[in-house]
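Inspection log for the structure reproduced underneath, given as structure tokens.
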Amino acid sequence: MEFKKRILVTGGAGFIGSHVVRLFVNKYPDCQIVNFDKLTYAGNLENLKDVEHAENYVFVKGDIVSLDDVRSVFEKFHISDVIHLAAESHVDRSIEGPMDFVMTNVVGTVNLLQAAKDAWKEGEHVFHHVSTDEVYGSLGEEGLFMETTPYDPRSPYSASKASSDHFVSAFHHTYGLPVKMSNCSNNYGSHHFPEKLIPLMIHNIVNKKPLPVYGKGENIRDWLWVEDHARAIDTIFHKGRVGESYNVGGLNEWTNIELVRFLCKMMDQKLGRSEGESEELITYVTDRKGHDLRYAIDSTKLETELGWTPSITFEEGLDKTVDWYLNNEDWVQKVTSGSYQDYYLQMYQDR
Ligand code: NAD
Ligand code: TYD
């Protein structure tokens with residue numbers, strides 16, 4: 001079959017990537033979706049079981065840090081567009097070991113840019129780079145991140161993402177590569193690896209394990225349902241202006257402790273536990289080094305220019321998310337066996 005576009009989605013087996021792949025495979029049968037993923041601890045092909053046999057879907061195992069791997073997938077599939085999500089994504093891991101973040105997030109991104117620049121001599125193309133609001137640094141009690149907010153990354157993770165964003169801009173300005181960028185707030189939803197706050201807390205509540213809240217739990221994050229982020233990527237990829245970046249967020253700020261308490265209440269009800277039972281599991285632990293106080297996004301540009309808005313409330317999204325975890329114990333079991341146990345001990349034992 002002759003496809004209209006052949007879109008390389010990097011990191012398509014990860015949390016957000018799998019939602020993007022699923023959306024594109026189902027919505028654009030005339031486009032081939034090439035999922036290129038190294039399958040690190042965070043990548044899992046089980047996340048895509050429902051689309052793995054689709055005619056317009058193909059999986060290629062590969063590493064963006066290898067320019068050979070990247071060039072060969074471009075050549076083999078005549079890649080016309082890229083949606084780049086592959087990354088090392090967890091701040092705590094970046095504090096323990098920054099170098100994997102430099103390699104994948106910076107070197108890997110430059111390899112993709114280089115391959116796209118060399119392959120795309122004519123015709124219409126898009127290189128959509130998916131990034132984070134953490135590149136803007138940390139907010140005080142007031143204000144929101146705008147697209148014009150100066151970059152001020154403070155963790156090794158955000159420093160590596162900021163660097164990758166700068167390379168994407170540089171390839172646009174220097175070589176005219178047709179790039180688009182999006183910077184999104186914290187996502188939550190199904191298939192989220194239980195190292196991040198929400199899935200870790202859900203997993204520990206189910207298992208009646210301590211709920212490790214860093215510091216006083218007063219740090220604030222702005223949470224967005226992952227499927228709304230995938231819709232935003234679809235919108236920006238198709239309708240966004242070349243060379244522009246768009247902030248994506250839900251205007252949905254929660255302190256960590258309020259959020260954990262809310263989850264406890266919701267899950268006590270769902271699990272038939274007595275009121276307040278899960279809250280007793282809350283344990284305050286040593287704070288994260290350099291812990292950013294507050295993230296909050298202004299997505300007016302995306303809303304007014306391209307007409308995107310979040311589709312559901314946080315309460316609805318969290319309800320769906322908790323149900324997904326309760327109904328997919330096999331998935332949780334698989335991803336939390338083996339190396340997850342070592343990770344958990346290393347991060348949380350004696351903390
Ligand atoms: P994730 O950690 O769940 O998944 C990352 C995926 O990338 C995995 O499938 C992994 O196997 C793959 N990968 C890692 N290194 C690779 C390499 N060298 N070559 C090929 N594949 C590799 O991450 P996520 O939460 O889905 O985030 C996806 C993207 O969105 C990242 O770029 C992240 O910075 C960005 N982002 C995430 C959030 C969030 O809340 N999770 C918010 C804003 C932006
Ligand atoms: P996380 O999900 O790691 O996302 P990010 O650091 O990229 O925003 O963490 C969200 C917030 O939750 C952050 O303020 C750190 C805090 N946190 C805890 O309090 N306990 C935990 O076990 C984890 C993983 C995070």
Side-chain angles (χ1 to χ4, degrees), residues 9-21 35-45 47-48 60-66 69-70 73 83-95 100-101 103-105 107-109 111-112 129-135 138 155 157-158 160-161 164-165 182-189 191-201 204 210-224 226 229-230 233 247-249 254-257 259-260 282-288 291-295 297 335 344 347-348 351:
V9 180
T10 71
F15 165 49
I16 302 171
S18 61
H19 288 275
V20 171
V21 166
N35 173 9
F36 183 81
D37 197 298
K38 183 180 171 184
L39 300 181
T40 67
Y41 78 92
N44 188 349
L45 288 178
N47 296 355
L48 289 162
V60 176
K61 187 165 190 278
D63 185 348
I64 57 170
V65 177
S66 158
D69 281 8
V70 172
V73 76
I83 303 176
H84 175 34
L85 295 115
E88 287 294 336
S89 67
H90 190 35
V91 173
D92 289 325
R93 288 184 195 255
S94 82
I95 294 168
D100 285 347
F101 288 72
M103 295 310 292
T104 289
N105 299 1
V107 176
T109 300
N111 280 341
L112 284 164
H129 177 62
V130 177
S131 193
T132 166
D133 61 355
E134 302 188 26
V135 298
S138 181
S155 73
Y157 164 66
S158 54
S160 68
K161 291 296 291 186
S164 68
D165 292 10
S182 49
N183 295 81
C184 188
S185 62
N186 287 58
N187 286 212
Y188 71 95
H191 305 92
H192 202 181
F193 192 78
E195 64 184 351
K196 308 274 168 60
L197 180 72
I198 290 181
L200 185 143
M201 293 298 169
N204 286 13
L211 308 179
V213 172
Y214 297 168
K216 293 185 183 156
E218 286 167 355
N219 302 67
I220 294 173
R221 297 293 182 264
D222 173 4
W223 295 94
L224 180 71
V226 63
H229 186 194
I233 290 171
N247 280 353
V248 189
W254 289 70
T255 63
N256 294 335
I257 188 64
L259 170 46
V260 172
I282 293 175
T283 312
Y284 293 93
V285 300
T286 308
D287 209 351
R288 174 185 280 174
H291 198 170
D292 286 343
L293 177 65
R294 174 172 168 252
Y295 305 142
I297 273 273
V335 304
Y344 201 87
M347 287 291 174
Y348 294 99
R351 182 163 182 159

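One-based numbering along the sequence shown. Every heavy atom of this structure was used, including side-chain atoms; hydrogens, water molecules and symmetry mates were not. Order of appearance sets the numbers: ligands from 1, and atoms from 1 within every ligand.
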Self-check item: Heavy-atom nearest option to atom 20 (N) of ligand 2, drawn from Gly215, Pro212, Gly217
Solution: Pro212
Quiz prompt | Any donor-acceptor N or O pair under 3.5 Å, side chains Asn47, His191 | solution = no
Quiz item: Would you say Cys184 has any N or O atom under 3.5 Å from an N or O of ligand 1, going by distance alone?
Solution: no
Quiz item: Among protein heavy atoms, which lies nearest atom 15 (N) of ligand 1, and at what distance?
Solution: Thr104 CG2, 3.5 Å
Quiz item: Atom NE2 of His84 and atom CD1 of Ile64: how far apart are they, to the nearest 0.5 Å?
Solution: 4.5 Å
Quiz item: Would you say Phe15 and ligand 1 have an N/O pair spaced under 3.5 Å apart?
Solution: yes
Quiz item: Does any N/O atom on Arg288 come nearer than 3.5 Å to any N/O atom on ligand 2?
Solution: yes
Quiz item: In ligand 2, which numbered atoms sit nearer than 4.0 Å to a non-hydrogen atom of Val91?
Solution: 6 (O), 7 (O)
Practice problem: With heavy atoms of Gly62 as the reference, note each atom of ligand 1 found under 4.0 Å away. | Solution: 19 (N), 20 (C)
Exercise. Please determine if Tyr295 has a nitrogen or oxygen closer than 3.5 Å to a nitrogen or oxygen of ligand 2.
Key: no
Practice problem: Return the minimal non-hydrogen interatomic distance between Asn35 and Gly11, and the atom names on each side. | Solution: OD1-C, 4.3 Å
Quiz item: About how many Å separate CG of Asp37 and OG1 of Thr10, when rounded to the nearest 0.5 Å?
Solution: 8.0 Å
Quiz prompt | Identity and separation of the nearest protein heavy atom to atom 4 (O) of ligand 2 | solution = Asn186 ND2, 3.3 Å
Self-check item: Nearest option to atom 1 (P) of ligand 2, as decided by whichever heavy atom of Leu197, Thr132, Thr255, Ile198 sits closest
Solution: Leu197
Practice problem: Report the nearest protein non-hydrogen atom to atom 22 (O) of ligand 2: residue, atom name, distance rounded to 0.1 Å. | Solution: Tyr348 OH, 2.7 Å
Quiz item: Quick one: does Glu88 get an N or O within less than 3.5 Å of an N or O on ligand 1?
Solution: no
Quiz item: What's the shortest distance from atom 41 (N) of ligand 1 to any protein heavy atom, and which residue and atom give it?
Solution: Ile16 CD1, 3.6 Å
Practice problem: Could you tell me whether the side chain of Pro194 reaches within less than 4.5 Å of the side chain of Tyr344, counting heavy atoms only? | Solution: no
Quiz item: Think Arg93 forms a cation-pi with Tyr41, using NZ or CZ under 6.0 Å from the six-ring centre and within 45 degrees of its axis?
Solution: yes
Quiz item: Considering Asn183, Val130, Asp133, which one's heavy-atom position lies nearest to atom 35 (C) of ligand 1?
Solution: Val130
Self-check item: Donor + acceptor pair across side chains of Glu134, Tyr295 (<3.5 Å)
Solution: yes
Quiz item: So is there a nitrogen or oxygen of Gly14 less than 3.5 Å from a nitrogen or oxygen in ligand 1?
Solution: yes
Quiz item: Is there at least one pair of N or O atoms, one from Asp63 and one from ligand 1, spaced under 3.5 Å apart?
Solution: yes
Practice problem: Give yes or no for whether the N/O distance cutoff of 3.5 Å, strictly under, is met between Lys196 and ligand 2. | Solution: no
Quiz item: Ile64 to ligand 1: N or O pair under 3.5 Å?
Solution: yes
Quiz item: Short N/O distance, under 3.5 Å, between Lys38 and ligand 1?
Solution: yes
Quiz prompt | Backbone or side-chain N or O of His192 under 3.5 Å from ligand 1 N or O | solution = no
Self-check item: Subset of ligand 2 atoms that lie under 4.0 Å from at least one heavy atom of His291
Solution: 13 (C), 14 (O), 15 (C)
Quiz prompt | From CG (Asn247) to CG (Asp133), nearest 0.5 Å | solution = 7.5 Å
Self-check item: Check: Thr132 N/O within less than 3.5 Å of ligand 1 N/O
Solution: no
Exercise. Check whether any N or O atom of Glu134, backbone or side chain, sits under 3.5 Å from an N or O atom of ligand 2, and answer yes or no.
Key: yes
Quiz prompt | Distance from atom 12 (O) of ligand 2 to nearest protein heavy atom, with residue and atom | solution = Asn256 ND2, 3.4 Å
Self-check item: Asp37 N/O under 3.5 Å from ligand 1 N/O
Solution: yes
Quiz item: Can you list the atoms of ligand 2 that are under 4.0 Å from a heavy atom of Glu195?
Solution: 24 (C)
